[in-house]
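Presented below is the structure to which this report refers.
Throughout, a chain's letter reflects where its sequence line sits, starting with A, and its residues are numbered from 1.
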Protein chains: 2
Amino acid sequence: MTKPLTILDIARLAGVGKSTVSRVLNNDARVKDSTRAKVQAVIDQHDFLPSKSARAMRAQRSGVVGVIVAKLSSNSENTALTGLLNTLYARGYDAAIMETQFSQQKAQAHLDVLKRRNVDGIIFFGFSGCDLSALAPFAPHCVVLAIDSNDYASVSYDNQGAVTQVMAHFYAQGLRYIHFLGIDEHDETTGRARAHAYHSFCDRHQLPARLHRCEMSLHAAYKATDSLIDSQTQAVVCASDTLALGVAKRLQTLGREDIAIGGIGNHDMLRFMFPRAVSVELGYHQAGQHAAELLLKQLDETPTEITHWTQPCHLVVP
Amino acid sequence: MTKPLTILDIARLAGVGKSTVSRVLNNDARVKDSTRAKVQAVIDQHDFLPSKSARAMRAQRSGVVGVIVAKLSSNSENTALTGLLNTLYARGYDAAIMETQFSQQKAQAHLDVLKRRNVDGIIFFGFSGCDLSALAPFAPHCVVLAIDSNDYASVSYDNQGAVTQVMAHFYAQGLRYIHFLGIDEHDETTGRARAHAYHSFCDRHQLPARLHRCEMSLHAAYKATDSLIDSQTQAVVCASDTLALGVAKRLQTLGREDIAIGGIGNHDMLRFMFPRAVSVELGYHQAGQHAAELLLKQLDETPTEITHWTQPCHLVVP
DNA sequence: CTGTTAGCGCGTTCAC
DNA sequence: GTGAACGCGCTAACAG
């Protein structure tokens with residue numbers, strides 16, 4: 001493990017000054033072609049790589065964006081993350097990814113670390129009960145994903161549209177007894193917004209509304225099914241595909257496969273296990289990309305206004 | 001957005017020298033308590049955070065470890081990642097996570113970036129067909145996960161033991177016609193090692209071996225089931241829980257629920273959808289932790305020998 | 001115990 | 001076109 005070369009070593013080897021090497025590295029036009037070639041040759045020969053630490057210190061920008069997610073095992077989050085990373089890589093940025101496990105305390109700790117790292121920006125995956133005010137020191141170089149915010153740029157999912165599309169689908173099929181399984185109101189998006197869209201649809205179309213809530217887990221949905229359905233039930237719409245999987249399993253066990261199932265998230269597993277179920281593609285991947293693009297744009301040109309983007313969704317039928 | 005304070009600002013504000021502030025920051029004992037308190041007060045008051053870029057440059061170590069994974073959406077990988085991250089955070093390291101999507105080319109590009117970032121070490125999640133030689137510049141500050149290597153420290157899963165445990169379980173139940181669904185031999189671990197363990201068990205116990213291979217996907221497993229089983233089949237062991245889910249679904253459709261199912265990976269979904277299936281917990285989370293610990297140990301004390309660790313596994317029955 | 005000094009590797013003025 | 005000199009924020013070595 002030999003000590004890595006510095007820009008000065010290259011300069012000496014090429015018989016030029018430090019700054020000339022620096023210019024070559026940064027594609028500065030003011031270098032004679034022959035000199036450039038000579039320097040480049042030395043660089044290639046030793047495959048010299050300029051230190052980003054030094055560059056970061058000098059330029060006051062690290063080329064790193066901090067990404068704070070709640071849970072890497074979440075399908076929505078890791079899908080968005082993949083889209084986001086590709087966009088960042090393409091622009092020469094790296095990501096410092098940190099996981100909060102839904103703990104506001106960990107989020108705060110991570111933000112502190114990211115501040116010391118001089119990250120150029122932050123992408124924050126919102127979760128139920130998170131405290132966005134901790135992002136203040138980073139504004140306007142941050143984007144929040146999956147929740148709305150008045151204070152920061154945001155990319156959110158179309159919770160309202162997703163539920164409405166599933167409901168409209170069943171409604172168009174002539175179904176009228178459509179029940180809904182959601183999660184705690186405390187959750188702004190998956191909990192409150194989606195339940196609200198359900199009620200709203202029922203009102204508009206004069207449908208009998210019947211809604212239950214449970215924990216966001218397969219088992220909870222499974223158990224909640226019995227108290228949600230009755231002999232009239234024609235369809236169950238769920239606030240997420242995880243819930244839909246739980247409900248579908250229970251309905252299968254009960255032999256109630258006459259009941260239609262709708263979910264949100266377009267999870268592979270739901271389509272595979274219960275092909276008859278419908279789901280809504282929320283566009284996690286694209287939302288991730290969009291969040292990254294938004295952040296990068298903010299880094300380039302200090303923004304005039306706070307931007308909000310709602311990711312379009314679309315129904316996926318068998 | 002006011003310009004962040006530097007250690008010099010703090011020194012002036014506290015009426016001391018730069019290095020005294022530095023000593024306070026690094027818990028150097030040689031500071032009078034009263035002075036320390038005075039400096040700390042100023043630090044707290046302005047919630048000053050020392051720049052890691054500068055520190056990295058000075059210390060020639062960035063406090064960052066590069067983590068290269070194949071696919072964030074993989075259950076095994078993101079589970080291991082979570083374990084790994086917690087361990088790194090606890091020791092004050094951050095992770096630069098990069099995704100290869102199984103592309104060796106991307107892996108190489110990521111490694112180049114990580115080298116310029118002066119990362120202190122690398123944790124590389126092995127995938128089928130990956131070229132470990134690209135890690136050479138980082139040795140001995142790297143650990144590979146999920147595959148074996150003679151050249152680098154590694155943490156691998158007990159592929160042999162996992163298959164053997166499932167087989168032994170079925171064998172103990174008196175089952176003798178146990179078939180196996182695997183993936184391409186080209187994959188060293190999930191493909192070759194697990195198939196080999198199957199054959200080996202059959203030989204030892206004089207069981208008729210019947211093995212098929214398919215792509216690693218729910219649908220492929222679903223379709224492969226028909227040609228794998230026959231009227232005698234008593235159990236199907238799968239090289240992964242994904243395959244097991246595909247097979248189980250097909251068997252359910254066929255009404256062949258007399259056939260026992262065994263998988264590897266202890267995936268939540270398998271246990272929920274098919275509670276009668278058995279699976280093996282490979283210890284992804286712990287393997288991730290262990291990989292991080294191994295790397296950190298190597299960073300502390302330059303290692304004498306290349307360490308290899310096989311993560312113990314255990315059967316999970318209903 | 002504490003202040004002063006000298007770099008770490010690089011980019012960016014300035015002169016030449 | 002090119003090189004020398006300076007400074008980014010911090011830590012280590014040396015004085016006091």
Below 4.0 Å: OP1/OP2 of D:dC10 and any side-chain N or O of B:S51: no
Is the distance from OP1 or OP2 of D:dT2 to the nearest side-chain N or O of A:T35 less than 4.0 Å? yes
N/O donor-acceptor pair under 3.5 Å between B:T79 side chain and B:N75 backbone: yes
Quick check: on DNA chain C, is the nucleotide nearest B:R58 upstream (toward 5') of the one nearest B:V31, or the reverse? Name the residue that is more 5'. B:V31
Just checking, is any N or O donor in the side chain of B:S76 or B:S74 under 3.5 Å from an acceptor N or O on the other one? yes
Without decimals, in angstroms, what is the distance between B:L25 CG and D:dA12 C1'? 15 Å
A:I7 or B:V16, whichever maps to the more 5' nucleotide of DNA chain C: B:V16
Report which part of the nucleic acid B:T6 touches: base, sugar-phosphate, or nothing (heavy-atom distance under 4.0 Å, all strands). sugar-phosphate
Residue closer to the 5' end of DNA chain D, A:G15 versus B:L49 (nearest nucleotide): A:G15
Interatomic distance where CG belongs to A:N26 and C1' belongs to C:dC10 [whole Å]: 9 Å
For the backbone of B:R23 and the side chain of B:N26, can you confirm whether one donor and one acceptor N or O come within less than 3.5 Å of each other? no
Between the base of C:dG11 and the side chain of A:K18, is there a donor and acceptor pair under 3.5 angstrom? yes
Mark yes or no for a side-chain to base donor-acceptor pair under 3.5 Å between A:S19 and D:dA4, with no hydrogen or angle criteria applied. yes
B:R55 CZ to C:dG9 C1', in whole Å, measures 18 Å
Once you round it to whole Å, what is the distance between C1' of C:dG11 and CZ of A:R61? 13 Å
Do the side chains of B:D33 and B:K38 get close enough for a salt bridge, i.e. N-O under 4.0 angstrom? no
One would report the end-axis bend of the helix from C:dC1-D:dG16 to C:dC16-D:dG1, five pairs per end and rounded to 10 degrees, as 40°
Can you classify the ring geometry of A:F127 versus A:F102 as parallel (below 30°), tilted (30 to 60°) or perpendicular (above 60°)? perpendicular
Atom CE of B:M57 and atom P of C:dG11 are separated, to the nearest Å, by 10 Å
For residues B:A136 and B:Y152, report the shortest heavy-atom separation together with the two atoms involved. N-OH, 3.1 Å
Verdict with supporting geometry, B:Y284 and B:Y157, ring pair (Phe, Tyr, Trp, His ring centres under 6.0 Å): CA-CA 8 Å; B:Y284 298 136; B:Y157 299 115; 5.3 Å; yes
Taken to the nearest whole Å, CG/A:L8 to C1'/D:dG3 is 12 Å
Ignoring hydrogens and angles, state whether a donor on the side chain of B:N118 or A:S51 is under 3.5 Å from an acceptor on the partner side chain. yes
What is the distance, rounded to the nearest whole Å, between atom CZ of B:R30 and atom P of D:dA15? 15 Å
Please tell me if B:Q60 has a side-chain N or O lying less than 4.0 Å from either OP1 or OP2 of C:dG9. yes
How many whole angstroms separate atom CZ of A:R116 from atom P of D:dC8? 21 Å
5' precedence on DNA chain D between B:K52 and A:R23 (nearest-nucleotide basis): A:R23
Can you find a side chain N or O atom of A:T20 that sits less than 4.0 Å from OP1 or OP2 on D:dG3? yes
